[in-house]
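Data block below; observations after.
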Amino acid sequence: MSDVLVPEILSYDADDLAARTGRIVVLVEGSSPATPAARRLDRLTRGAVGRAMASEAWGRVKPGESLELAYPAGLGASALHLVHLPRRADLAAARKAGGTIARLYGAEPVLAVIEGHPRHGELILGLLLRAYSFDQYKSGEKKAKAAVSLMVADVAAVQASVTAATALAQGVFLTRDLVNEPANVLTTTEFSHRLTGLRDLGVHVEVLDEAELERLGMRLLLAVGVGSECPSQVVVMRWNGGQAGEAPFALVGKGVCFDTGGISIKPAGGMEEMTMDMGGAGVVAGVMKTLALRGAKANVVGLVGLVENMPDGRAQRPGDIVKSMKGDTVEVINTDAEGRLVLADVLWYAQETFHPKAIINLATLTGAIIVALGSEHAGVFSNNDTLCNAFLKAAAAEHEGAWRMPMGQAYDDRLKSRLADMMNVGGRDGGAIVAAQFIKRFIKDDMPWVHLDIAGVTLLKGDTPTAPKGATGWGVLALNRLIADTFETAPKAV
Ligand code: BES
Ligand code: MN
Ligand code: ZN
């Protein structure tokens, strides 16, 4: 588990700046130093801060970004970083500023002078999120990171922000760790083992094994995992922070620990990326962790279907006809369209067992959604405008890209099978929508439902302001906010 690096919080002390070694960061805006710390540093450096802020270069530094003054005369520090963060900055700029500071972590201590900046909470969240690293498989000497301190006006207020941001970051880090972990380590059993660890936080965790899944009739899910040495499992996580007996909100995640495609095997190039095919399950786990850490006042059940899709002598074949838990039969035309088979049975089980108020499922479901939306937005599919709009609003507030896609009968018609109730694929065109239509067949008519196709947003090749390259943890913040806004306030119909 990657740990959250929690900074030390110090009370602002103007006399402590001159002799400090390492890197000093100060938040500034406009074209001249205005805050007490900026003016103090300007005086100590004999006007270097003011000259820098009057320069043409400073004019190109956007909110959240910084300008470095190396070895400034008058200071013991090896560098002074001017981070551009207006007092009226938006949430994204404040998080980016935090990320900018986190990128300075290294051999030298960092002192960031925050003073009483109104966006300190968002800055701290960006700081914690961007400081994530996943380096346990890099051998050789690990360079210890030097201390990080924040100098603030109101220590108690900032401590409260650190506590809140830590609950969010720990959820996001759980998701990122699960997604980054290779498939020889994160087997189905290792995944469920990590989820049972949430019991320590008060989450009820139940693991359903193959015999139990067989008894329940989850044959679609079992058929995906039958070619693997790893046993298929469904893990149910319950957080009961709301009213006793109140129907829960349900989250369901695709947890394909590795997706070779099965007998419809994928090409070799890029197949290694399919270690992230459990990303939906990873987000569900991360949200449950954050809810527990912050003591959310809501009843939420998280379910994940954990399988591995392998080719094997016992693996399912194209053309197999399999009966779902719901009772409908599926002709498996392509064994690489496996995520929808897993989700179908887990979604049905979730509705039958928990009678939730609403369901959101997440899955790295289709390459087609990447063609449509790239890595900027997840695909959003829904049968309910109220729930869908509430999710889109929460995602926009968290700057997690999400874009609603259409659905409709014509797409559903493509799933018609000659032999069974449906096929699991319906041609390439509009593939993400056809996949959503397949899932919708396993959602009861009156059940508010959102399907998030996160294939494009789960693992990135480049850095973002708040994440190093690799797993993003996309969705943890948006879903946490949706739960806070929709399911923790006075009961609202969705
Ligand atoms: N896990 C893949 C989707 C995927 C692709 C996720 C790229 C992340 C990056 C999924 O199981 C899959 O193989 N989908 C097929 C569906 C097709 C056979 C209808 C696809 O998208 O090609
Ligand atoms: Mn697949
Ligand atoms: Zn898959």
Side-chain angles (χ1 to χ4, degrees), residues 90-96 119 121-122 125-126 128-129 161 164-165 167-176 239 241-242 247-253 279-280 282-302 356-363 369 373 375-405 436 447-454 456-458 464-467 472-494:
D90 64 6
L91 167 149
R95 286 187 186 170
K96 186 174 183 181
R119 281 290 193 183
E122 297 302 346
L125 182 59
L128 300 187
L129 290 176
S161 293
L168 294 169
Q170 287 190 309
V172 172
F173 284 17
L174 174 58
T175 304
R176 288 180 184 173
W239 173 254
F249 167 58
L251 289 170
V252 173
V283 173
V284 174
V287 174
M288 297 308 293
K289 181 161 187 176
T290 286
L291 294 177
L293 285 169
R294 69 176 182 81
K297 292 188 173 43
N299 295 337
V300 180
V301 58
K357 286 184 183 170
I359 297 193
I360 295 188
N361 74 258
L362 300 102
I369 201 69
L373 300 175
S375 57
E376 306 302 326
H377 295 88
V380 181
F381 303 83
S382 182
N383 63 358
N384 182 292
D385 290 350
T386 309
L387 180 67
C388 188
N389 289 336
F391 176 77
L392 290 170
K393 193 173 155 213
E398 294 293 347
H399 290 259
E400 292 184 324
W403 195 262
R404 189 168 183 179
M405 302 284 287
M447 176 61 62
W449 161 75
V450 166
H451 154 54
L452 301 172
D453 191 338
I454 61 171
V457 295
T458 296
T464 74
T466 53
T472 59
W474 182 98
V476 174
L477 299 179
L479 288 165
N480 176 64
R481 183 181 285 261
L482 173 78
I483 291 163
D485 290 352
T486 310
F487 298 99
E488 287 185 72
T489 47
K492 219 190 281 173
V494 284

Item to check | CD on E398 to CG on L482, rounded to 0.5 Å | outcome: 11.0 Å
Checklist entry - Who are the ring pair (Phe, Tyr, Trp, His ring centres under 6.0 Å) partners of F381, not counting sequence neighbours? => result H451
Next on the checklist: On a heavy-atom basis, which atom in V380 and which in C388 lie closest, and how many Å separate them?
Outcome noted: CG1-SG, 3.8 Å
Item to check | From M405 atom CE to I369 atom CD1, the distance as rounded to the nearest 0.5 Å | outcome: 4.0 Å
Checklist entry - Which atoms form the tightest heavy-atom contact between V300 and M288, and what is the distance? => result O-CE, 3.5 Å
Item to check | Donor-acceptor under 3.5 Å (T472 side chain, V457 main chain) | outcome: yes
Next on the checklist: Check E122 with R95, please: is the shortest side-chain N to carboxylate O separation under 4.0 Å?
Outcome noted: yes
Checklist outcome for this item: Sorted by chain and number, sequence neighbours left out, side chain to side chain contact (heavy atoms under 4.5 Å, CB included) with N383 holds for K440, I443, W449
Checklist entry - Atom CG in L392, atom CH2 in W403: separation rounded to 0.5 Å? => result 9.0 Å
Checklist outcome for this item: In terms of heavy-atom contacts, H399 and A92 come closest through CE1-CB, 3.6 Å
Checklist entry - For the residue pair N384 and P448, what are the closest heavy atoms and their distance? => result ND2-CB, 3.6 Å
Next on the checklist: Please find the pair of heavy atoms, one from V287 and one from G475, that lie closest to each other, and give the distance.
Outcome noted: CG2-O, 4.5 Å
Item to check | From CA spacing to verdict: side chain to side chain contact (heavy atoms under 4.5 Å, CB included), M447, L387 | outcome: CA-CA 10 Å; M447 176 61 62; L387 180 67; over 6 Å; no
Checklist entry - Between V301 and P248, which heavy-atom pair has the shortest distance, and what is it? => result CG1-CG, 3.9 Å
Next on the checklist: Tell me if a side-chain donor or acceptor on W474 pairs with a main-chain N or O of G401 at a distance below 3.5 Å.
Outcome noted: yes
Checklist outcome for this item: A395 meets the side chain to side chain contact (heavy atoms under 4.5 Å, CB included) criterion, sequence neighbours left out, with F391, A402, A478
Item to check | From CA spacing to verdict: side chain to side chain contact (heavy atoms under 4.5 Å, CB included), L479, L362 | outcome: CA-CA 11 Å; L479 288 165; L362 300 102; 3.9 Å; yes
Item to check | Atom pair CG/CG of L477 and L125 - distance to nearest 0.5 Å | outcome: 6.0 Å
Next on the checklist: Among residues at least two apart in sequence or on other chains, which ones pass side chain to side chain contact (heavy atoms under 4.5 Å, CB included) with T464?
Outcome noted: L460, T466, A467
Next on the checklist: I want to check something: taking the side chain as every heavy atom from C-beta on, are V284 and V252 in contact at a cut-off of under 4.5 Å?
Outcome noted: no
Item to check | Beyond-backbone contact of L291 with R294, side-chain heavy atoms, under 4.5 angstrom | outcome: yes
Next on the checklist: Between N361 and L251, does the side chain to side chain contact (heavy atoms under 4.5 Å, CB included) criterion hold? Intermediate values first, please.
Outcome noted: CA-CA 6 Å; N361 74 258; L251 289 170; over 6 Å; no
Checklist entry - Got a second to check how far N299's CG is from F249's CZ, nearest 0.5 Å? => result 12.5 Å
Checklist entry - Salt bridge between R404 and D385, side-chain N to carboxylate O under 4.0 Å? => result yes
Checklist entry - With E400, which residues qualify under side-chain hydrogen bond (donor to acceptor under 3.5 Å, both in side chains), at least two apart? => result none
Checklist outcome for this item: With sequence neighbours left out, the residues meeting side-chain hydrogen bond (donor to acceptor under 3.5 Å, both in side chains) with N389 are none
Checklist outcome for this item: The reported gap from CZ in F487 to NZ in K357 (rounded to nearest 0.5 angstrom) is 6.5 Å
Checklist entry - I360 and L452: side chain to side chain contact (heavy atoms under 4.5 Å, CB included), yes or no, with the steps? => result CA-CA 7 Å; I360 295 188; L452 301 172; 3.8 Å; yes
